[in-house]
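Lettering of chains follows the sequences in order, A, B, ..., and the numbering in each one begins at 1.
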Protein chains: 2
Amino acid sequence: MPRSKGPAQPPAETGPAAARHLPEATLVRLTQYLRALTELRDAGRSRASSEVLAEAAGVNSAILRKDLSLLGSYGTRGVGYETEVLAQRITECLGLTHEWRVSIIGAGNLGRALSGYGGFRNRGFSVVALFDASPDLIGRDVNGLRVANVAFMEDVLTFTRTNMAVLAVPGPVAQELADRVVRIGVRSILSFAPVVLQVPEGVTLRKVDLATELQILAYHAQQAGQTGPPERS
Amino acid sequence: MPRSKGPAQPPAETGPAAARHLPEATLVRLTQYLRALTELRDAGRSRASSEVLAEAAGVNSAILRKDLSLLGSYGTRGVGYETEVLAQRITECLGLTHEWRVSIIGAGNLGRALSGYGGFRNRGFSVVALFDASPDLIGRDVNGLRVANVAFMEDVLTFTRTNMAVLAVPGPVAQELADRVVRIGVRSILSFAPVVLQVPEGVTLRKVDLATELQILAYHAQQAGQTGPPERS
DNA sequence: TGGTGTGAACGGATTCACAGCC
DNA sequence: GGCTGTGAATCCGTTCACACCA
């Protein structure tokens, strides 16, 4: 791949829909800015400075300005940012302008919790299917969705035009299900299974691991000498 | 706080329990190595090279060796690492040698899912209490735990000697509950609430945000031009 | 010979500081 | 005067390459 390191990218297109490749760390923060902007707007503020916005998003203002500058110039010097305009711009950049159809694989405790999570529908995501292998669950109604038999997953994924899959299944079956989901053409997967998953190039996989989170907390607590219970009553 | 930038830390202690401050990125990987080591050991392998171990953990071997070198010299040149010894060493570094007592605040879908998650108990974490504010849930049995009234949270946190709290509550009440948990002396919090939380210095807060994860997937999918449903049948 | 441990090079992300614009 | 947008400096983490050792 001839990726020259010359600073002069071919001009290509400098239109308002630019912002080719955003760093991962910036992406995470953009979602936080988006939430903060929505809150500010709902609170009636049509403008906000980088300082105010950064405070609401829980970051410092320098990195916020740096991040936003990657999307183009959407602020006004001496004034600040228009919450509505900026929120729209970020929404566009993140690819949230149309609905994403999410299927959740696994209707155990976690899968059911996810299917009922309100934060999805508010932000451009529709949960369109929920699968399980257990006869006790198949056919049951969960948050307005009928649990489908994972044996027929391919058909349902196709029928519902699923383009994102969430794996909420036990570790031992996660790889097999990931393979099936990928084979049918889904290229975005969020996995809660505590195992290493292999996916082919072109498929985006993100992982959330609850045990990892607690282990990291344990490390910091131990570092701070908090090996025992809190000593205050 | 006079944090000098001089490179020469006072020698202090160079014993086997060293490893003062590990970078955050390394911590995340250490938990993955630990899982991989446990799997390898359970599969009967008492030794593994950095190459094998890295493969099992889903990282490259250079960074693995770099990470492990921060814990001291626990490998043998020309041979590899003893899975048992190394697992023990990592466990020790992460502060997992004694049990951590976790309380889950919020017994909605997510809270119930977390309370039943087997990955905790296996790794040195005990779920000791589960709270909610809803009369419909208080007193009910969930995964062997009786849902406690959040109004009496302070008493129960003290009684159970809770030293880690998991917030699985709606955004609007998360800050208030975080404040109460901190006030009683808990210094490690894992939050699933989609809001920015303020905690005082000395308290470690980690956040998991499901909507953020999906939004980042959406960005990558859009980048790859997958705006529509998969086109394969 | 094979594989660890590590200095050095590299690259990416954050912070600083200020020029430029409203 | 105030605030954005951004080069420059800095910090941190990853990759490379190889000295060193069982």
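- What separates CG of B:Leu86 from P of C:dG3 is a distance of 17 Å, to the nearest Å.
- For B:Arg29 and D:dT14, the shortest distance from a side-chain N or O to OP1 or OP2 is below 4.0 Å.
- Nearer to the 5' terminus of DNA chain C, by closest-nucleotide assignment, is the contact made by A:Pro23 (compared with the other of A:Pro23 and A:Gly78).
- Side chains of B:Glu24 and A:His220: a donor-acceptor N/O pair is present below 3.5 angstrom, by distance only.
- Summarising the geometry of A:Leu22 relative to A:Leu30, their closest heavy-atom pair is CD1-CD1, 3.8 Å, with the distance given to 0.1 Å.
- Atoms CD (A:Glu24) and P (D:dT14) sit 14 Å apart, rounded to a whole Å.
- Side-chain contact between B:Val181 and B:Met153 is present, with at least one heavy-atom pair separated by less than 4.5 Å.
- Distance CD (B:Glu82) to P (D:dA22): 15 Å, rounded to an integer number of Å.
- Between the CG atom of A:Leu27 and the P atom of C:dA13 there is a distance of 10 Å, rounded to whole Å.
- Whole-Å rounding puts the A:Leu71 CG to D:dT6 P distance at 11 Å.
- Under the 30°/60° scheme for interplanar angles, the aromatic rings of A:His98 and A:Trp100 are found to be tilted.
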CA sep, side-chain torsions, deciding dist, call: A:Val195, A:Gln175, side-chain contact (heavy atoms from CB on, under 4.5 Å): CA-CA 8 Å; A:Val195 294; A:Gln175 181 67 61; over 6 Å; no
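- Taking 4.0 angstrom as the limit, B:Tyr81 places a side-chain polar atom (N or O) nearer than this to OP1 or OP2 of C:dG5.
- Remark: nothing in residues 35-43 of chain A comes within less than 4.0 Å of DNA chain D through any heavy atom.
- A donor-acceptor pair shorter than 3.5 Å can be found between the side chains of A:Tyr33 and A:Asp67.
- Side chains of B:Ser126 and B:Val102 form no contact here, defined as non-hydrogen atoms less than 4.5 Å apart.
- Side-chain polar atoms of A:Ser50 and A:Arg65 form a donor-acceptor pair below 3.5 angstrom.
- Residue A:Arg77 places its side chain closer to C:dA19 than to any other of C:dG5, C:dA19, D:dG13.
- For the segment residues 48-66 of chain B, residues with any heavy atom less than 4.0 angstrom from an atom of DNA chain D are, sorted by number, B:Asn60, B:Ile63, B:Arg65, B:Lys66.
- Straight-line distance from the CG atom of A:Leu68 to the P atom of C:dT14: 13 Å, rounded to whole Å.
- Whole-Å rounding puts the A:Asp67 CG to C:dG12 C1' distance at 13 Å.
- Look at OH on A:Tyr74: it is 18 Å from C1' on D:dT6, rounded to the nearest Å.
- Nearer the 5' end of DNA chain D, as judged by each residue's closest nucleotide, is the contact made by A:Val79, out of A:Val79 and A:Ser69.
- In the model, A:Glu92 has no side-chain atom that pairs as donor or acceptor with a side-chain atom of A:Thr97 under 3.5 Å.
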